[in-house]
Amino acid sequence: MGEFIMGELTVKGKMTSEKVYILAIETSCDETSVAIVRNGSEVLTNLVSSQIDIHKAYGGVVPEVASREHVEVITLLIEQALVEAKLDKNQLSAIAVTYGPGLIGSLLVGIAAAKTLSFVLGIPLIGVHHIAGHIYANHLQKALEFPLVALIVSGGHTELIYMRDHLSFELLGETQDDAAGEAYDKVGRILDLPYPGGPQIDRLAAKGEANIPLPTAQMDNPFDFSFSGLKSAVINFVHNTEQRGETVISEDLAASFQQVVVDTLVDKALLALQEKGANNLIVAGGVAANSSLRASLTEKSKSLNFNLTIPKLDYCTDNAAMIGSVAYYYYINQRFSTLDLNGIANLALSEESISELDKATLRKDYIASRDQLREGERARQSELISQEIIASEWFKQAEVVALYRAHGSELDLDAVLEAGWTAGKQMLLPRVERINKGLGFWPVEKGEELVAGKYGIMEPRINGKKPFIITEIDVILVPGIVFDQQGYRIGYGGGYYDRFLGEKIADKSRPQKTAKKPYTVGVGFKEQVVERLPVKIEEHDIMLDAIMAEGVDFNVNGK
Ligand code: KG4
Ligand code: ZN
C-alpha cells in the first residue's frame with residue numbers, strides 16, 4: 001500500500017464544513033420576523049416583532065393594518081439581525097422568504113424586501129412555504145427523522161402531513177373549514193376573552209371540568225378536520241344557557257371545548273402514524289403551545305412508544321428561524337426562486353416537494369446526449385482526460401488504481417490502464433457479483449484476457465485471484481451519467497458504485513475511526529458535467545473527491 005494520504009473526508013464532510021448562512025424573512029400574517037440560520041439548524045438570531053397588541057383592539061388580524069406594520073419594521077429588523085449575528089451582509093449565502101400561504105399584502109412586504117437583498121447582494125432567493133417552515137421548526141430542536149407525520153395546528157392551518165424524506169410533503173388531510181387556532185380564537189370571542197383566544201382558553205380549561213357534551217365531527221377522510229360545527233355548538237350552548245337566565249361557567253365550557261379539539265387532533269395523528277407505519281410525530285404551529293395537547297401527546301408517545309418532538313414555544317408560533325431551516329435544504333438542492341417570485345395566498349404544500357422522478361429523466365437525456373457524440377470527439381476527449389490523469393500527482397503516487405473498461409459510449413480509459421501497467425502499478429477492474437448485486441475490484445495484468453460479464457461489460461476472470469477491499473485501493477476512477485461540480489454523481493441506477501463507496505469500514509488499528517478511503521475521481525465527457533444537479537440529493541448518494549472532464553476544474557480536497 002502507498003503512503004498516499006487521500007484525506008479522511010467523508011460523504012457528509014463537505015456539506016457540514018461549508019457554512020451556509022441564510023437570512024430568512026417571515027411576514028405571512030401578523031408577525032414580522034427576520035432570522036439568520038447556519039446550515040439549517042443553528043439559529044444565530046431570530047427577531048420577532050409581534051403585532052398582537054395592535055390587532056387586539058380589533059379582536060383579530062386586520063390585513064391592511066398588518067401589511068403597514070410589516071413595512072414599518074422590516075428594514076430595521078434586517079439590519080438588527082445582521083448586527084446580532086455578527087455577520088457582514090456579504091457573508092450571507094442566500095435570502096429565504098415565506099411566499100405563501102398567508103395574507104397577500106403581508107406576504108408581499110417580506111417578498112419585496114427579500115428580492116431586494118437577493119438582487120443587491122447577488123445571492124440566491126429561496127421562496128419557502130409557510131407550513132414547510134412550521135415543520136422544520138422541529139429541526140431546530142432535533143434533526144428530523146424519517147419517515148414522520150407532522151401535525152400542523154396554527155391560527156390558519158390544521159393539517160396532517162407525511163414526509164418520507166427531506167422536502168417530500170404528502171398531505172394526508174386538512175381542515176374543511178376553521179383551523180384549530182381559529183376555532184380557539186372564535187370561542188375566545190364568544191367567551192369575551194381578549195385576542196388571541198387560544199392561550200386564554202388553555203388557561204381557563206385547566207381550572208374547569210369537561211362536563212358539557214359537545215360534538216366531534218365525523219369526516220369521510222379520517223385525516224380531515226372540521227371545527228365549525230363545534231364552534232356553533234359552543235355558541236348554541238351559550239345562547240341556551242343565557243336564555244334560561246343561567247350563567248355560563250367559562251372554565252367548564254373551555255375545558256369541554258378543549259377536550260374535543262385535543263382528542264380529535266391526537267386521535268387523527270395517531271391514526272396517521274399507524275397507517276403510514278411511521279414512528280416519528282412532530283407538531284408545529286401556534287396551537288402546539290397548548291398544554292393539554294402537549295400533555296396528551298407526551299403520554300401517548302410513552303405508552304405507544306413513538307418519538308415525539310414539539311418545538312419550544314418561540315418556534316411554535318410564526319418566526320423566520322423555521323423558514324431559514326427549511327431553506328437550507330432547498331439551498332443544497334439548488335431549488336431557487338427567480339426575482340419574479342410572487343406571493344400566493346393559498347399556496348399548496350405538496351407542490352413544494354422536490355421530485356425524484358427527475359433522476360430517471362436526467363439519465364435518459366444524458367445517455368442520449370453521450371450516445372450522440374461523434375467518434376472523433378469521443379476519442380479526443382478520452383485521450384485528453386487519460387493524459388491528464390496520467391500526469392496528475394495522485395495518479396503518480398497511487399500504487400493500486402481501480403478503473404473501468406469503457407462500455408457503450410463511456411469515456412475510454414485504456415491509455416490509463418496501459419500507463420499504470422508500465423509504471424508497475426496494480427491495476428484493478430470491476431466485476432459485478434452475481435450474488436448480492438455487489439461490485440468487486442479484481443486485479444488484472446497486461447495481456448490478460450477479459451470476459452463479458454453481466455450487462456456485457458468486459459471483466460477480469462477470477463482464476464483463483466481475490467478482489468481488493470476498499471481500503472487497499474488508492475484511487476478509483478468512477479464512470480457515471482452526470483456529475484456536478486459539488487462532487488455528486490448520477491450512475492446507471494443500479495447503485496453499484498454508491499454501495500461500494502458508501503460502505504463504512506472501521507480502521508482496525510483505530511477502531512473509532514473510519515479507515516482510509518480511496519481517492520474517488522469521476523471521469524466523463526465535458527457534456528456530462530453540470531454545475532449543480534437539479535435533483536434531490538439523497539442520503540445514500542456518494543460524493544466524489546474530484547471530477548475529471550475537459551474544462552472542469554473541480555476538486556473537493558483541493559489536491
Ligand atoms: O402559528 P400561529 O402563530 O398562527 C398561524 O401561523 O396561523 O398560531 C397562532 C394561533 C392562534 O390561533 C392562537 O390562539 C393559537 O395559535 N394558540 C393557542 C395557544 N397558544 C397559541 N391555542 C391553544 N392553546 C394555546 N396555548
Ligand atoms: Zn404560522
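All residue numbers in this chain count up from 1 along the given sequence. The structure displayed is predicted, hence computed values, not measured ones. First listed ligand is number 1; within each ligand, the first listed atom is number 1.
Within the 2.8 Å limit, His134 places at least one N, O or S atom next to the Zn ion (ligand 2). Contact annotation: His157 places no N, O or S atom under 2.8 Å from the Zn ion (ligand 2).
For ligand 1, the atoms sitting less than 4.0 Å from at least one non-hydrogen atom of Gly181 are 12 (O), numbered in the order shown with element in parentheses. Applying the 4.0 Å criterion to heavy atoms of Gly198 picks out, from ligand 1, the atoms 14 (O), 18 (C), 19 (C), 22 (N), 23 (C), 24 (N), 25 (C). Interface atoms of ligand 1 facing Ala289, defined by a heavy-atom separation under 4.0 Å, are 20 (N), 26 (N). Interface atoms of ligand 1 facing His134, defined by a heavy-atom separation under 4.0 Å, are 1 (O), 6 (O). Every atom of ligand 1 is numbered from 1 in the order shown, and the set under 4.0 Å from a heavy atom of His130 is 6 (O). Atoms of ligand 1 found under 4.0 Å from any heavy atom of Pro196, numbered from 1 in the order shown, are 14 (O).
Cation-pi geometry between Lys268 and Phe223 is not met at under 6.0 angstrom from the ring centre and within 45 degrees of the axis. A cation-pi arrangement is absent between Arg38 and Tyr21, since the terminal nitrogen or guanidinium carbon is not both under 6.0 Å from the aromatic centre and inside a 45° cone about the axis.
With hydrogens left out, the protein atom closest to atom 7 (O) of ligand 1 is Gly156 N, 2.8 Å, a heavy atom. The protein heavy-atom contact nearest to atom 21 (C) of ligand 1 is Gly286 O, 3.4 Å. Nearest non-hydrogen protein atom to atom 14 (O) of ligand 1 is Asp185 OD1, 2.6 Å. For atom 4 (O) of ligand 1, the nearest non-hydrogen atom of the protein is Gly155 N, 3.4 Å. Scanning all protein heavy atoms for the shortest distance to atom 6 (O) of ligand 1 gives Asp318 OD1, 2.8 Å. For atom 15 (C) of ligand 1, the closest non-hydrogen atom on the protein side is Val287 CG2, 3.9 Å.
Considering backbone and side-chain atoms together, Gly197 places no N or O closer than 3.5 Å to any N or O of ligand 1. No N or O atom of His157 sits closer than 3.5 Å to an N or O atom of ligand 1. Considering backbone and side-chain atoms alike, Ser154 places an N or O below 3.5 Å from some N or O of ligand 1. When only interatomic distances are considered, the shortest N/O to N/O separation between Asn290 and ligand 1 falls below 3.5 Å.
Using bins of under 30°, 30° to 60° and over 60° for the plane-to-plane angle, the ring pair His134/His130 lands in the perpendicular bin. Ring geometry for Tyr184 versus Phe257: interplanar angle over 60°, hence perpendicular rather than tilted (30 to 60°). Between His166 and Tyr329, the ring planes are parallel. Angles under 30° get that label, and only those over 60° would be called perpendicular.
Of the N and O atoms on the side chains of Ser228 and Asp178, not one donor lies less than 3.5 Å from an acceptor on the other residue. Side-chain polar atoms of Gln258 and Asn290 form a donor-acceptor pair below 3.5 angstrom.
Considering all non-hydrogen atoms of both residues, Leu107 and Thr98 come closest at CD2-O, 3.7 Å. Taking each heavy atom of Ala24 and Gly324 in turn, the nearest pair found is CB-N, 3.4 Å. Of all non-hydrogen atoms in Ala85 and Ile36, the two that sit nearest each other are CB-CD1, 3.8 Å.
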### Query
What do the steps show when you test Leu125 against Lys115 for side-chain contact (heavy atoms from CB on, under 4.5 Å), and what is the final call?
CA-CA 7 Å; Leu125 175 70; Lys115 282 183 188 175; 3.9 Å; yes
### Task
Using the side-chain contact (heavy atoms from CB on, under 4.5 Å) rule, take Val261 and Leu230 through it: C-alpha gap first, then chi angles, then the decisive distance, then the call.
CA-CA 9 Å; Val261 175; Leu230 175 61; 3.6 Å; yes
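Assignment of Pro199 to the shell around ligand 1 is supported, since a heavy atom sits closer than 4.0 Å. Residue contact check for ligand 1: Gln258 places no non-hydrogen atom closer than 4.0 Å to it. Using a non-hydrogen distance threshold of 4.0 Å, Arg203 does not register as a contact of ligand 1.
With atom 26 (N) of ligand 1 as the reference point, the heavy atom nearest to it among Ile152, Asp202, Thr98 is part of Asp202.
Annotation: angle subtended at the Zn ion (ligand 2) by Asp318 OD1 and His130 NE2 is 100°, to 10°.
Of the possible polar contacts, one joining the Asn221 side chain to the Leu172 backbone as a donor-acceptor pair under 3.5 Å is found.
Shown here is Glu246, whose CD atom has more than 12 heavy atoms of other residues, nucleotides or ligands within 6.0 Å.
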